[in-house]
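A quick write-up on the structure given underneath.
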Amino acid sequence: MSLYNNAIWSFMNTIGVQIIVLITNVVLARLLYPEIFGVLGMATVITGLILLFQEQGLSTYLIFKTNVDEKIIYTTFWLNIIISFLLAGITFSTAPLIAEFYNNNDVGTIVKYISIGMLCGSFGITSRILLVKQQNFKKLTIIECFAEVINCIVSITLALNNQPLLAIASRLVIRPMVQSFLLLIVNRDKVIGKPQFNIMSEAVVYGIKILGSQILIYCNNNITYLIIGKILGNKSLGLYTVAFQWSVIARYYISSAIVKVAFPEISKIKDDISRVRHLYNNVTNKLSFITLPICLGLMAVTPEFVLVFYGSSWEKVVPILQLLLISGAVTSFGTVGGAIFNGLGRPEVDMKINIGSLISGIVFICLGSFYGIVGVTLGIVINSLIFETVKIIFVNKMIDNRFKDFIRTIGLNLMPSLLMVSVIYLIRIEVLVNMPNYLLKLIVLVLIGSFTYIVFSFFINKENFDWIYKKITNNVKKQIAVKES
């Protein structure tokens with residue numbers, strides 16, 4: 001399969017799962033209250049760091065290494081389980097301490113559920129990575145979407161039966177349990193065998209580099225949760241949690257899908273910098289063409305979006321989400337840099353950049369906390385813009401790419417996005433200012449925004465316009481041909 005075909009299935013995997021997650025969260029937000037989401041955020045910000053040790057490092061080595069024999073696969077499978085059991089024990093035993101830190105017993109209960117989910121998920125880690133390495137994203141999509149549907153049904157059922165804590169916590173067990181079961185069915189014969197732990201020294205060294213970078217990225221993304229939860233309380237954290245999940249739709253749901261495919265592809269061609277450069281420019285160009293209008297468009301319609309989907313009790317989310325979407329727009333295409341660093345075997349560069357970002361981020365967040373949740377959010381955005389720019393500069397230097405060419409590419413996609421936002425604001429102020437129906441208002445603004453972006457892209461960036469037009473028409477023709485045959 002080509003890079004774009006794999007990317008489509010990877011995108012369908014990510015977007016399929018996350019659409020189910022977002023629908024579940026919207027329903028739960030209607031049934032529950034901001035404080036319960038804050039409790040979840042308090043628990044996961046600390047335990048998520050422990051989960052990184054389970055999900056990163058050794059497994060990533062399987063993708064990076066060109067030729068992987070069955071002995072390495074068997075050993076990785078058992079090592080993941082052993083490490084996960086140790087991490088689950090640590091997580092479970094620290095639950096009372098985490099609850100005491102936040103002065104909230106419900107946080108400790110959720111942490112214990114997370115430790116159970118950690119055990120369940122350990123049996124599917126290696127099998128999942130093999131599907132990624134084989135670029136079998138179709139099978140992975142089916143497995144993960146099915147697991148998320150089951151997860152959604154259980155959570156909403158518990159919420160309807162007045163079990164708010166279980167509704168939130170059960171999701172941390174059901175998803176990994178169902179995923180691991182299905183992944184073992186698919187790859188049981190390929191992952192279960194006799195381990196040889198003495199052959200894993202190279203994997204451990206590479207894994208430590210990846211893990212170090214991922215820990216710093218995680219801390220950069222989640223130190224905010226810790227500060228908000230401790231200083232501003234669980235209600236502010238609940239508001240931030242809802243805003244954050246929408247602000248990263250482009251980075252997590254689209255960019256991450258592309259990066260999943262790009263990483264193994266870059267690993268294959270890492271000795272040919274010209275090919276890596278071409279791939280990077282092409283992916284960044286196409287990504288920014290898609291993600292910039294999504295982030296900036298959602299920012300323009302945030303007031304209507306929040307009122308329609310969450311209701312007036314969540315109105316304070318609006319300025320938080322709008323600020324975070326600025327950061328989300330930049331990181332959506334900046335994320336590709338991580339695949340370059342890892343694919344070229346230089347994850348330590350990413351790690352050093354993230355060290356600087358973490359230190360700077362703590363300063364910005366602490367200063368912002370004096371001005372409440374909006375001040376914290378503004379600090380996050382400023383820090384993100386600074387260090388994403390630094391990362392992009394380093395990536396372009398590493399692959400001998402002219403930075404002005406990179407800026408030109410992004411600019412061609414940014415211009416129609418900004419013009420689209422201007423039209424949306426103008427229509428809202430001049431035409432729809434007195435429209436009482438927020439759902440209708442949201443629909444009108446989205447349709448106008450989509451149309452204007454298409455028109456402006458046709459004149460400003462016709463190359464990408466033609467690319468996506470051909471992709472859509474070719475897929476339609478294929479579907480028609482299949483039906484006729």
Side-chain angles (χ1 to χ4, degrees), residues 13-14 16-18 20-21 24-25 28 39-60 62 73-95 98 106-132 139-159 163 165-193 195 207 211 214 218:
N13 177 10
T14 306
V17 169
Q18 295 307 328
I20 299 169
V21 170
T24 305
N25 286 341
L28 291 177
V39 170
L40 179 64
M42 288 175 176
T44 54
V45 66
I46 296 176
T47 56
L49 183 61
I50 300 175
L51 281 167
L52 273 181
F53 287 86
Q54 180 189 39
E55 297 175 355
Q56 297 293 330
L58 290 177
S59 298
T60 310
L62 294 181
I73 296 173
Y74 297 157
T75 308
T76 301
F77 174 77
W78 290 111
L79 270 177
N80 278 327
I81 293 174
I82 293 169
I83 292 171
S84 296
F85 268 76
L86 292 173
L87 293 174
I90 293 171
T91 304
F92 194 91
S93 62
T94 56
I98 297 173
D106 288 342
V107 175
T109 302
I110 292 179
V111 170
K112 291 178 180 179
Y113 276 100
I114 291 172
S115 66
I116 297 171
M118 199 179 294
L119 289 177
C120 297
S122 65
F123 293 91
I125 296 173
T126 303
S127 180
R128 187 183 188 283
I129 291 296
L130 282 182
L131 290 178
V132 173
K139 190 171 290 184
L140 194 59
T141 298
I142 295 170
I143 290 172
E144 296 196 345
C145 285
F146 179 79
E148 203 58 57
V149 168
I150 300 299
N151 196 39
C152 171
I153 293 171
V154 173
S155 296
I156 293 175
T157 301
L158 288 168
Q163 298 289 335
L165 191 62
L166 277 177
I168 293 294
S170 64
R171 306 160 71 188
L172 306 168
V173 178
I174 300 298
R175 182 193 300 116
M177 181 173 64
V178 176
Q179 283 181 358
S180 290
F181 177 74
L182 296 175
L183 287 166
L184 276 179
I185 290 176
V186 170
N187 274 336
R188 182 180 65 254
D189 296 335
K190 295 179 181 179
V191 299
I192 301 179
L211 185 59
Q214 291 300 316
Y218 181 84

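Index from 1, following the sequence.
- Annotation: the span from Tyr113 atom OH to Met118 atom CE amounts to 15.5 Å, rounded to 0.5 Å.
- Looking only at side-chain heavy atoms (C-beta outward), Asn151 and Thr24 stay at 4.5 Å or farther from each other.
- Side-chain atoms of Trp78 do not come within 3.5 Å of backbone N or O of Ile192 as any donor-acceptor pair.
- Nearest heavy-atom pair across Ala167 and Ser170 is O-OG, 3.6 Å.
- Of the candidates Ile168, Val173, Ile174, Ile168 is the only one forming a side-chain contact (heavy atoms from CB on, under 4.5 Å) with Arg171.
- Atom CD of Glu148 is separated from atom CD1 of Ile153 by 11.0 Å, given to the nearest 0.5 angstrom.
- Interatomic distance, CD1 of Ile73 versus CD1 of Ile129, reported as 11.5 Å (0.5 Å rounding).
- Rounded to the nearest 0.5 Å, atoms OG (Ser127) and CZ (Arg188) are 10.5 Å apart.
- The two residues Ser180 and Ser122 make their nearest non-hydrogen contact at OG-N, 4.4 Å.
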Evaluate side-chain contact (heavy atoms from CB on, under 4.5 Å) for Ile116 paired with Lys112, printing each intermediate quantity in order. CA-CA 7 Å; Ile116 297 171; Lys112 291 178 180 179; 5.7 Å; no
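- The minimum heavy-atom distance linking Arg175 with Ala147 is given by the pair O-CB, 4.1 Å.
- The structure places OG1 of Thr91 at 10.5 Å from CG of Leu86, a figure rounded to the nearest 0.5 Å.
- For the atom pair Leu87 CG and Ile114 CD1, the distance stands at 13.0 Å (nearest 0.5 Å).
- For Phe146, the CZ atom sits in a loose shell: 12 or fewer heavy atoms of surrounding residues, nucleotides or ligands are nearer than 6.0 Å.
- Contact between Arg128 and Leu183 at its shortest, heavy atoms only, is CB-CD1, 3.8 Å.
- Phe77 and Phe123 make their closest contact through CE1-O, 3.5 Å (heavy atoms, listed as atom of the first residue, atom of the second, distance).
- Summarising the geometry of Leu131 relative to Leu140, their closest heavy-atom pair is CD1-CD1, 3.9 Å, with the distance given to 0.1 Å.
- The side-chain heavy atoms of Ile125 and Thr76, taken from C-beta on, include no pair separated by under 4.5 Å.
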